[in-house]
Asker: 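Input: one structure, supplied below.
Just so we're on the same page: letters track the sequence lines, and every chain starts at 1.
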Number of protein chains: 2
Amino acid sequence: MPTDKVPDIVVGRLPLYLRTLNYLIEEGYEIVSSHELGRRLGISPAQIRKDLSHFGEFGKQGAGYDVKYLSSQLKHILHVEGVWPVALVGCGALGHALANYNGFVTKGFEITLIFDNDPAKIGQVVAGKVIHDVADMPRLICEHGIRIAIVAVPSSAAQATVDVLVRCQVRAILNYAPINISVPPGVQVQNIDPAVHLQRMTYYL
Amino acid sequence: MPTDKVPDIVVGRLPLYLRTLNYLIEEGYEIVSSHELGRRLGISPAQIRKDLSHFGEFGKQGAGYDVKYLSSQLKHILHVEGVWPVALVGCGALGHALANYNGFVTKGFEITLIFDNDPAKIGQVVAGKVIHDVADMPRLICEHGIRIAIVAVPSSAAQATVDVLVRCQVRAILNYAPINISVPPGVQVQNIDPAVHLQRMTYYL
DNA sequence: TAGATTGTTAATCGATTAACAATC
DNA sequence: TAGATTGTTAATCGATTAACAATC
């Protein structure tokens, strides 16, 4: 029963399914059951089948799911069949690590533009890309048709950075600044703050 | 009505409340209402009041919450009144960035031990700390009484690293390797995988 | 066929919201 | 006091799970 209006929480699990399927491919699996996939993910088989049922019928009764086929279908659903160009704003230690991270391309992303506001860094080359002046963001992001950005600037600069990105038609922002940013409706934001993740665990210690 | 058995999802929001309260302190606020706090977080006021009610009564009717008091109470609840020593395993580009990140201490964490398996790196100093051989993890983590670790090793080494950490009595793991790791009951895991976060957003593009 | 696993429904479970008495 | 906001209950909403007919 495809496309009712898929809950956010279901969409959030699809990348995890995809990631595990790709490991299964590497391991040589051709077929996987919802039970085995769930075991690897710590998710119930029923939930996996229910989640997938939002988008169509991908399995075979009595057999399971063709790993490569389900992987390709999830890539299609998540719009990561190709490679999205991504802008990275902020090239400090974290920005450097992200620029050099070689795990993005196979997942559908490539950092193609890097920005910083430090005159000492502008013009330098990181991971084969020149660091541009943040002042040139509007022009360059527009020229490259960038829709996705990673924000790795200090908290104090995060909201202003995001405001510029939104005006440049960026519609998905991965925010590493440890602060809540606000965006207009229709703009996606995901936040990564290691301290928040750690504090969530210390509650149980 | 304190301590029923607080849902995970509620615990997960507390660090976000705390983070926002600390920004409010910086901005000079002394009192905040659930409405204002919710506005900043994109969460309903009712939810904030309900979440807090799991742990006690922290507000004043007609007034709101004393910002400093609520912040200190949340720190107490989350066990981040002091500073936890943290082990960092894997000192590549990401590990370097984490070792040099200065945002941890005020949030209750300090990276005190760094490990890598690369002979060329062992013995070098990063962020004022010597990089130790991963072979020495059991002894050093035990000696320092470490309960929290950050895993920034390649996916291929992640599970083995985690297995060692768990044997060393580590009970909270922040995993940056893009793979599902398995741990015994009672060990907390949080995962950070930028590609997963990005793919969750491309669905909507 | 016999065995296994899907896709889906209905039931259960849990989380969020609305509303308001209590009270500062 | 009057106005405002909390803490909490009950109602609503949504997500997960159990179970099974369909079927490979």
Asker: Can you tell me the distance, in whole Å, between the CD1 atom of B:Ile48 and the P atom of C:dA18?
Answerer: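 Taking atom P of C:dA18 as the reference, CD1 of B:Ile48 is at 14 Å.
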Asker: If you assign each of A:Ala46 and A:Gly62 to its closest nucleotide in DNA chain C, which residue comes earlier from the 5' end?
Answerer: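 Its nearest nucleotide being more 5', the pick is A:Gly62.
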Asker: Looking at B:Val134, B:Asp133, B:Val164, B:Thr161, which one forms a side-chain contact (heavy atoms from CB on, under 4.5 Å) with B:Phe115?
Answerer: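 When B:Val134, B:Asp133, B:Val164, B:Thr161 are each tested with B:Phe115, the side-chain contact (heavy atoms from CB on, under 4.5 Å) holds only for B:Val134.
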Asker: What is the distance, to the nearest angstrom, from the CZ atom on A:Phe58 to the C1' atom on D:dC24?
Answerer: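 Going from A:Phe58 (CZ) to D:dC24 (C1'), I get 18 Å.
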Asker: Picking from D:dA15, C:dT9, C:dA15, which would you name as closest to the side chain of A:Lys50?
Answerer: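 Closest nucleotide among those given: C:dT9.
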Asker: Nearest-Å distance, CG (B:Asp8) to P (D:dT16)?
Answerer: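 It is 13 Å, rounded to the nearest whole Å.
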Asker: Taking only the side-chain heavy atoms of B:Ser53 (C-beta and beyond), determine which of D:dA18, D:dT8, C:dA15 contains the nearest atom.
Answerer: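 Nucleotide nearest to B:Ser53's side chain: D:dT8.
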Asker: Check the pair B:Gln190 / A:Leu198 against side-chain contact (heavy atoms from CB on, under 4.5 Å), numbers first and verdict last.
Answerer: CA-CA 8 Å; B:Gln190 291 280 303; A:Leu198 288 170; over 6 Å; no
Asker: Give the C-alpha distance, both sets of side-chain angles, the deciding distance and a yes or no for side-chain contact (heavy atoms from CB on, under 4.5 Å) between B:Tyr203 and B:Gln199.
Answerer: CA-CA 7 Å; B:Tyr203 172 80; B:Gln199 289 181 340; over 6 Å; no
Asker: Tell me whether the side-chain N/O atoms of A:Arg49 come closer than 4.0 Å to OP1 or OP2 in C:dT6.
Answerer: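 Yes, within the criterion.
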Asker: So, A:Arg49 versus A:Ser34: side-chain donor-acceptor pair below 3.5 Å or not?
Answerer: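 Their side chains do contain a donor-acceptor pair, which is all the 3.5 Å distance test asks for.
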Asker: What heavy-atom pair brings B:Pro178 and B:Asp193 nearest, and what distance separates the two atoms?
Answerer: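 Minimum heavy-atom contact is CB-OD2, 3.1 Å.
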Asker: Using whole Å, report how far CD1 of A:Ile9 lies from C1' of D:dG14.
Answerer: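 From A:Ile9 CD1 to D:dG14 C1': 10 Å.
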Asker: To the side chain of B:Lys60, which of C:dT16, D:dA15, C:dC24 is closest?
Answerer: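 Between C:dT16, D:dA15, C:dC24, the one nearest the side chain of B:Lys60 would be C:dC24.
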Asker: Please tell me if B:Tyr65 has a side-chain N or O lying less than 4.0 Å from either OP1 or OP2 of C:dC24.
Answerer: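 For B:Tyr65, the contact criterion (side-chain N or O under 4.0 Å from OP1 or OP2 of C:dC24) is not met.
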Asker: Check each residue of residues 18-41 of chain B for a non-hydrogen atom within less than 4.0 Å of any atom in DNA chain D, then write out the ones that pass by number, or none.
Answerer: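 The stretch gives B:Ser33, B:Ser34 as the residues lying under 4.0 Å from the strand, ordered by number.
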Asker: Would you say CD of B:Glu30 has more than 12 non-hydrogen atoms from neighbouring residues, nucleotides or ligands within 6.0 angstrom?
Answerer: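 Open: at most 12 neighbouring heavy atoms sit under 6.0 Å from CD of B:Glu30.
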Asker: Pairing donors with acceptors under 3.5 angstrom, does anything connect the side chains of A:Asn22 and A:Glu26?
Answerer: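 Looking only at side-chain atoms, A:Glu26 and A:Asn22 do not form any donor-acceptor pair under 3.5 Å.
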Asker: Just how far, in rounded Å, is C1' of C:dT6 from CG of A:Asp66?
Answerer: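 Going from A:Asp66 (CG) to C:dT6 (C1'), I get 15 Å.
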Asker: Would you please say whether a donor-acceptor pair under 3.5 Å links the side chains of A:Asp51 and A:Tyr17?
Answerer: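 Indeed, the side chains of A:Asp51 and A:Tyr17 share at least one donor-acceptor pair under 3.5 Å.
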Asker: Between B:Thr202 and A:Leu78 (side chain of the first, backbone of the second, donor and acceptor by atom type, cut-off under 3.5 Å), is there such a pair?
Answerer: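 Yes, B:Thr202 side chain to A:Leu78 backbone: donor-acceptor pair under 3.5 Å.
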Asker: Nearest whole angstrom, please: distance from the P of D:dG7 to the CZ of B:Phe55.
Answerer: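 Going from B:Phe55 (CZ) to D:dG7 (P), I get 13 Å.
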Asker: Dot-bracket for DNA chain C, 5' to 3', with Watson-Crick and G-U pairs under 3.5 Å, [ ] for crossing pairs and | for other-strand pairs: what is it?
Answerer: ..||||||||||||||||||||||
Asker: For C:dT16 and B:Gln47 - does any side-chain N or O of the residue sit under 4.0 Å from the phosphate oxygens OP1/OP2?
Answerer: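 For B:Gln47, the contact criterion (side-chain N or O under 4.0 Å from OP1 or OP2 of C:dT16) is met.
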Asker: Check the distance between D:dT9's C1' and B:His54's NE2 and give it to me in whole angstrom.
Answerer: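 Going from NE2 in B:His54 over to C1' in D:dT9 covers 13 Å.
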Asker: Taking all heavy atoms of A:Gly95 and all of A:Leu88, pick out the closest pair and write down the distance.
Answerer: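 Shortest heavy-atom separation between A:Gly95 and A:Leu88 comes out as O-CD2, 3.4 Å.
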Asker: In whole angstrom, what separates B:Lys5's NZ from C:dC13's P?
Answerer: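 Taking NZ of B:Lys5 and P of C:dC13, I get 15 Å after rounding.
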Asker: Choose from C:dC24, D:dT17, D:dT9 the nucleotide whose nearest atom is closest to any side-chain atom of B:Gln61.
Answerer: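 My answer, after comparing the listed nucleotides, is C:dC24.
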Asker: Have a look at A:Pro45 and say if it touches a base, only the backbone sugar-phosphate, or nothing, with a 4.0 Å heavy-atom cut-off.
Answerer: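 Nothing, no heavy atom under 4.0 Å.
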Asker: Ignoring backbone atoms, establish whether A:Arg13 has a side-chain N or O less than 4.0 Å from OP1 or OP2 of D:dT16.
Answerer: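 So the side-chain polar atoms of A:Arg13 do come within 4.0 Å of the phosphate oxygens OP1 or OP2 of D:dT16, strictly under.
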